[in-house]
*Asks:* 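One structure follows; several queries about it will come next.
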Amino acid sequence: MPELPDLQAFRHNLEKKLLHQQLKTITVKNSKKLAVAEKTLQSALEGQKLKEIQRVGKELHFVFQNGHVLGMHLMLHGKLYFFEHQNKEKYTIAELLFGNGTGLAITDFQGSANIALDPAEKTAPDALSDDFNENYLKTQLSKKKTGIKKFLLDQKQVLGIGNAYADDILWYARISPFSICNKIPAAKVKALLSAIKHILREAEKKILKSNPDIVHGEVRDFMLVHNAKLKESPGGAAIHKDTGGGRKTYYTDEQELFE
DNA sequence: AATACTGTTACGGT
DNA sequence: AACCGTAACAGTAT
């Protein structure tokens with residue numbers, strides 16, 4: 001379910017409960033998407049202390065003392081649950097038990113969420129990293145003739161932006177989602193970059209403020225245009241909906257089209 | 001009861 | 001080769 005701000009909030013709350021704890025056991029319930037044997041995973045991670053949890057794009061990376069990393073991707077519908085004694089969740093992918101008695105289950109009714117041992121390094125920069133800057137964005141956009149929304153969702157270009165936040169980002173930058181990448185003028189590229197950083201950072205703050213202990217679920221009630229209940233943007237313009245690729249795009253006439 | 005739905009990959013076609 | 005659109009995954013949340 002989650003996008004970058006949700007995952008950022010989850011990361012925060014997972015660390016709050018699990019940082020420096022020893023991983024007692026890890027059990028795989030659904031190994032369809034797991035590339036290594038369960039035993040390999042267990043011997044790499046069990047007994048190790050959790051050093052930190054990073055968010056890399058839409059993945060969470062549990063970094064352990066011995067350098068091994070447990071990667072998690074929640075995909076569309078994955079959820080994390082804390083449990084005390086026994087995990088009672090349906091659709092469990094894997095369970096982790098920590099030294100302080102806290103259990104963590106990752107579930108997905110679709111079976112698409114997945115874990116990985118030592119996930120491959122990503123080539124694209126994370127949307128909130130310093131490597132994702134004006135220079136990078138300008139260079140990549142100049143090479144592309146696709147629509148800007150598609151670019152923002154492309155995890156080979158920038159990590160962490162999903163369908164919902166792409167719409168709010170483009171509205172905030174006043175750029176039409178159908179604008180062609182290499183036709184967007186320099187000043188607007190700059191506006192786009194600051195919109196990305198601003199929208200994503202603000203969303204994390206809002207999520208944590210209203211749901212201080214969140215590790216799953218969605219908070220989307222503050223979204224500016226990507227919200228089925230809204231008729232108008234904050235500027236009072238009618239919100240248009242465009243369906244394509246099974247995902248919806250919400251936008252208004254306030255957004256300039258470059259083509 | 002009705003409606004909307006956040007990610008990614010595989011596939012066929014252009 | 002690059003790119004595009006669609007289906008599939010199988011339900012959940014309100």
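In what follows, every chain begins at residue 1, and chains take the letters A, B, ... in the order their sequences are listed.
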*Asks:* Would one find a side-chain N or O of H73(A) under 4.0 angstrom from OP1 or OP2 of dT8(B)?
*Replies:*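 For H73(A), the contact criterion (side-chain N or O under 4.0 Å from OP1 or OP2 of dT8(B)) is met.
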
*Asks:* How does DNA chain B read in dot-bracket, base by base from 5' to 3', with Watson-Crick or G-U pairs under 3.5 Å and | used when the partner is on another strand?
*Replies:* .||||.||||||||

*Asks:* Does atom NZ of K122(A) have more than 12 heavy-atom neighbours from other groups under 6.0 Å away?
*Replies:*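 Atom NZ in K122(A) is crowded, with more than 12 foreign heavy atoms closer than 6.0 Å.
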
*Asks:* Quick one: N30(A) CG to dG11(C) P, roughly how many Å, whole number?
*Replies:*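 Computing the N30(A):CG to dG11(C):P distance gives 13 Å.
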
*Asks:* Is a side-chain N or O of S43(A) found less than 3.5 angstrom from the main chain of K39(A), in a donor-acceptor match?
*Replies:*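 Indeed, once roles are kept as given, a pair shorter than 3.5 Å links the two residues.
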
*Asks:* With C1' as the reference atom in both, quote the distance from dA1(B) to dT12(C) in angstrom, rounded to an integer.
*Replies:*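 Result for the C1' pair: 15 Å, nearest Å.
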
*Asks:* I need the CG-P distance between L76(A) and dC9(C), as an integer number of Å.
*Replies:*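 Whole-Å distance recorded here is 14 Å.
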
*Asks:* Does OP1 or OP2 of dT8(B) have a side-chain N or O of K58(A) closer than 4.0 Å?
*Replies:*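 Yes, because at least one side-chain N or O of K58(A) sits under 4.0 Å from OP1 or OP2 of dT8(B).
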
*Asks:* Round to a whole Å and report the spacing from CD of Q110(A) to C1' of dA10(C).
*Replies:*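 Interatomic distance, CD of Q110(A) to C1' of dA10(C): 5 Å.
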
*Asks:* Got a salt bridge between D221(A) and K229(A), using NZ or NE/NH1/NH2 to carboxylate O under 4.0 Å?
*Replies:*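 Result for this pair is no, no salt bridge flagged.
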
*Asks:* Expressed as a whole number of angstroms, how long is the span from K32(A):NZ to dT9(B):P?
*Replies:*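 Rounded to the whole Å, the gap is 16 Å.
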
*Asks:* Any luck finding a side-chain donor-acceptor pair between T102(A) and N100(A) under 3.5 Å?
*Replies:*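 Yes - a donor-acceptor pair under 3.5 Å links their side chains.
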
*Asks:* Of all the choices, dT8(B), dT12(C), dC5(B), which nucleotide is nearest to the side chain of M75(A) once you look at every atom?
*Replies:*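 So the nucleotide nearest the side chain must be dT8(B).
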
*Asks:* Atom CD1 of I161(A) to atom P of dT8(B): distance rounded to whole Å?
*Replies:*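 Rounded to the whole Å, the gap is 12 Å.
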
*Asks:* Answer yes or no: does atom NZ of K16(A) have more than 12 heavy-atom neighbours from other residues, nucleotides or ligands under 6.0 Å?
*Replies:*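 Atom NZ in K16(A) is crowded, with more than 12 foreign heavy atoms closer than 6.0 Å.
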
*Asks:* Rounded to whole Å, how long is the line connecting atom CE of M223(A) with atom P of dC5(B)?
*Replies:*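 To the nearest whole Å, that distance equals 11 Å.
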
*Asks:* Taking only the C1' atom of each, what is the distance from dC5(B) to dA7(C) in whole angstrom?
*Replies:*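 So the two C1' atoms sit 16 Å from each other.
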
*Asks:* Mapping S112(A) and K229(A) onto DNA chain C by nearest heavy atom, which one lands closer to the 5' end?
*Replies:*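 First, find each residue's nearest nucleotide; the 5'-ward one identifies S112(A).
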
*Asks:* Less than 4.0 angstrom between a side-chain N/O of Y250(A) and OP1 or OP2 of dC5(B), yes or no?
*Replies:*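 Yes, within the criterion.
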
*Asks:* Under the ring-ring contact (aromatic ring centres under 6.0 Å, His included) definition, can you give me all pairs with a residue in residues 183-204 of chain A, not counting sequence neighbours?
*Replies:*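 Sorted pair list: Y172(A)-H198(A).
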
*Asks:* Which parts of residues 141-160 of chain A get close to DNA chain C, meaning a heavy atom less than 4.0 angstrom away?
*Replies:*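 K144(A), T146(A), K150(A) - these, ordered by number, are the residues of the stretch whose heavy atoms sit under 4.0 Å from the strand.
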
*Asks:* May I ask you to decide whether K205(A) forms a salt bridge with E202(A), counting only side-chain N to carboxylate O separations under 4.0 Å?
*Replies:*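 Salt bridge: yes.
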
*Asks:* Salt bridge or not between K33(A) and D108(A)? Use side-chain N to carboxylate O under 4.0 Å.
*Replies:*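 Here K33(A) does not pair with D108(A) in a salt bridge, since their nearest N and O are not under 4.0 Å apart.
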
*Asks:* Could you check whether Y91(A) gets within reach of a base, just the sugar-phosphate, or nothing at all, counting any heavy atom under 4.0 Å?
*Replies:*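 Here Y91(A) touches the backbone only, sparing every base.
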
